[in-house]
Amino acid sequence: MSFADSSRLIHRRLASGFAVLSVGALMALMACSKSGGGAPASQVVAKVNDQEISIHQVQAMIEAQPKLVQQLGEQTSERVLDSLIEQELAAQAAKQVGLDQTPAVVQTLVLSQREVLARAYQDQLASKASMPNDRDVEQYYQSHPELFEKRRLYRLQEVAINAPAAELAQLKAQVQGAKSVEAVNALLQKSGVSQSARQSDQWAESVPMNLLKQLAGKQSGESVWVDRPDGSGAVVVSIVSTEAGPVGLTQTRPAIREAVWALRRKQAVQEGMRVLREQAKITRQAVGASKPASSGA
């Protein structure tokens, strides 16, 4: 794996749980369903019965799916316009037979509008995050040696165990004390629990961060026990071998800057949503409950 690929993995992991999405494309595409000829004639690229499709809607779809340009090249705009025409034809046909009045479609439209507006607001929150400076980048580099200065290629054995957590307490202690993969395998086989195993080679940046922090302090032969959140079992991750692969600050600076910026955008959205929750009066009830419970500021 090249470090360019590794950098993208770092970025994706830090940004997981939140995507800063541009809603311009979605809002423009929603305009396809509106009646009238609001766009100037110079911007209209197609007319489907009495509905217009503008150049802005074509551009919005291309921006929403940037890989289309790589796939279609010079044909991108025409192919996208064909797709929008097909979409408009189907939408008009749906209205003619009354599908736009059915409960399922009405509910979907309401949910779609809410999603677009919510993303627009979260996008606005995220836009307030500042781009990290050189000092921020250096601090991140220094605080994560497992990703950079002490970066390693891990050959891992992962054994998934299926059994109630209460039955695995003793086995967990034994596995965590084992000093070789062979000893771990012997313990697991002797336990008789249902299990399945696989091996993989993973660079540090492709390992989930919470697991990487545990692996970084261990040597070949040692293992990490990871309980499943639902209590149905665990995964035993053993280090078969490792290979050093450090990377320097100069090489990683662009990837770190993007990763830290993604994290800041995520945090800006989380903070903004926290404030909204505190300010709102929220009434909710569990599915099947008859009495609502209120909470809020």
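Computed over heavy atoms, backbone and side chain alike; hydrogens, waters and symmetry mates excluded. Because the structure is a prediction, the values reported are computed rather than measured.
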Please walk me through it: do Thr252 and Tyr141 pass side-chain contact (heavy atoms from CB on, under 4.5 Å)?
CA-CA 8 Å; Thr252 59; Tyr141 180 89; 3.7 Å; yes

Does Gln57 form a side-chain contact (heavy atoms from CB on, under 4.5 Å) with Met61? I'd like the steps, not just the answer.
CA-CA 6 Å; Gln57 294 169 15; Met61 180 170 281; over 6 Å; no

Working for salt bridge (charged side-chain N to carboxylate O under 4.0 Å, His left out), residues Lys128 and Asp123
CA-CA 9 Å; Lys128 298 177 182 179; Asp123 188 54; over 6 Å; no

Take Gln92 and Glu88, measure what side-chain hydrogen bond (donor to acceptor under 3.5 Å, both in side chains) needs, and give me the verdict at the end.
CA-CA 6 Å; Gln92 290 181 22; Glu88 181 59 38; 2.9 Å; yes

Residues Glu243, Arg155; criterion salt bridge (charged side-chain N to carboxylate O under 4.0 Å, His left out); working and verdict:
CA-CA 9 Å; Glu243 177 183 331; Arg155 173 158 292 178; over 6 Å; no

Report the C-alpha separation of Lys213 and Glu146 in whole Å, then their side-chain angles, then the decisive distance to 0.1 Å, and conclude whether the salt bridge (charged side-chain N to carboxylate O under 4.0 Å, His left out) test is met.
CA-CA 7 Å; Lys213 290 180 178 179; Glu146 70 277 7; 6.0 Å; no

Stepwise side-chain contact (heavy atoms from CB on, under 4.5 Å) test for Arg151 and Glu205
CA-CA 8 Å; Arg151 175 174 176 260; Glu205 60 272 10; 2.9 Å; yes

Could you walk me through whether Val116 and Gln113 pass the side-chain contact (heavy atoms from CB on, under 4.5 Å) test, one step at a time?
CA-CA 5 Å; Val116 169; Gln113 183 181 44; 5.8 Å; no

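Between Ile282 and Arg277, some side-chain heavy-atom pair lies under the 4.5 Å cut-off. Looking only at side-chain heavy atoms (C-beta outward), Asn133 and Val137 stay at 4.5 Å or farther from each other. Two residues are said to be in side-chain contact when any heavy atoms from C-beta on lie closer than 4.5 Å; Glu158 and Ser200 meet this criterion. Residues Asn185 and Gln157 form a side-chain contact, since some pair of their non-hydrogen atoms from C-beta on lies under 4.5 Å apart. Taking the side chain as every heavy atom from C-beta outward, Arg253 and Asp134 approach each other to under 4.5 Å. At a threshold of 4.5 Å between non-hydrogen side-chain atoms, the residues Lys150 and Pro246 do not count as touching. Here the side chains of Ser223 and Gln176 are not in contact, with every heavy-atom distance at 4.5 Å or above. For the pair Leu156/Val240, no side-chain contact is recorded, criterion being any heavy-atom separation below 4.5 Å from C-beta on.
For Glu74, the CD atom is loosely surrounded, since the number of other residues' heavy atoms within 6.0 Å does not exceed 12. Open room surrounds CD on Glu86; 12 or fewer heavy atoms of other groups in view lie less than 6.0 Å from it.
A cation-pi contact, defined as under 6.0 Å to the ring centre and within 45° of the axis, is absent between Arg257 and Trp261. Annotation: cation-pi geometry not satisfied between Arg152 and Trp203 (NZ/CZ under 6.0 angstrom from ring centroid, within 45° of ring axis).
Residues Leu249 and Val247 fall within the same hydrophobic cluster, defined by Ile, Leu, Val, Met, Phe, Trp and Tyr side chains chained together at heavy-atom separations under 4.5 Å. Hydrophobic clustering (side-chain heavy atoms under 4.5 Å, transitive across Ile, Leu, Val, Met, Phe, Trp, Tyr) groups Val45 together with Leu68. At a threshold of 4.5 Å between side-chain heavy atoms, the hydrophobic network of Ile, Leu, Val, Met, Phe, Trp and Tyr places Leu117 and Val275 in two separate groups. A continuous path of hydrophobic side-chain contacts links Val260 to Leu147 [ILVMFWY only; heavy atoms under 4.5 Å]. One hydrophobic cluster, built from ILVMFWY side chains closer than 4.5 Å, cannot hold both Val226 and Leu187; they sit in different ones.
In this structure, the side chain of Ser143 engages the main chain of Gln139 through a donor-acceptor pair within 3.5 Å. A donor-acceptor distance shorter than 3.5 angstrom exists from the side chain of Glu222 to the backbone of Gln219, with no hydrogens or angles considered. Not one N or O on the side chain of Asn49 forms a donor-acceptor pair closer than 3.5 Å with the backbone of Gln51.
Residue Gln195 is tested with Val159, Val236, Val235 for a side chain to side chain contact (heavy atoms under 4.5 Å, CB included); the sole match is Val159. No option in Leu89, Ile85, Leu84 other than Leu84 meets the side chain to side chain contact (heavy atoms under 4.5 Å, CB included) test with Gln87.
Taking the charged nitrogens against the carboxylate oxygens, Glu271 and Arg274 do have a contact shorter than 4.0 Å, which makes a salt bridge. In this structure, Asp100 does not pair ionically with Lys95, as no charged nitrogen and carboxylate oxygen lie closer than 4.0 Å.
Annotation for Lys218 and Gln214: closest pair CG-O, 3.6 Å, computed over non-hydrogen atoms.
The aromatic ring centres of Phe148 and His144 sit 6.0 Å or more apart.
Here CD of Gln59 is found 9.0 Å from CD of Gln43. Values are rounded to the nearest 0.5 Å.
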Residues 162-173 side chain polar contacts: donor-acceptor under 3.5 Å, at least two apart:
residue : atom : partner : partner atom : Å
Asn162  : OD1  : Arg228  : NH1          : 3.0
Asn162  : OD1  : Arg228  : NH2          : 3.4
Lys172  : NZ   : Asp227  : OD2          : 3.0

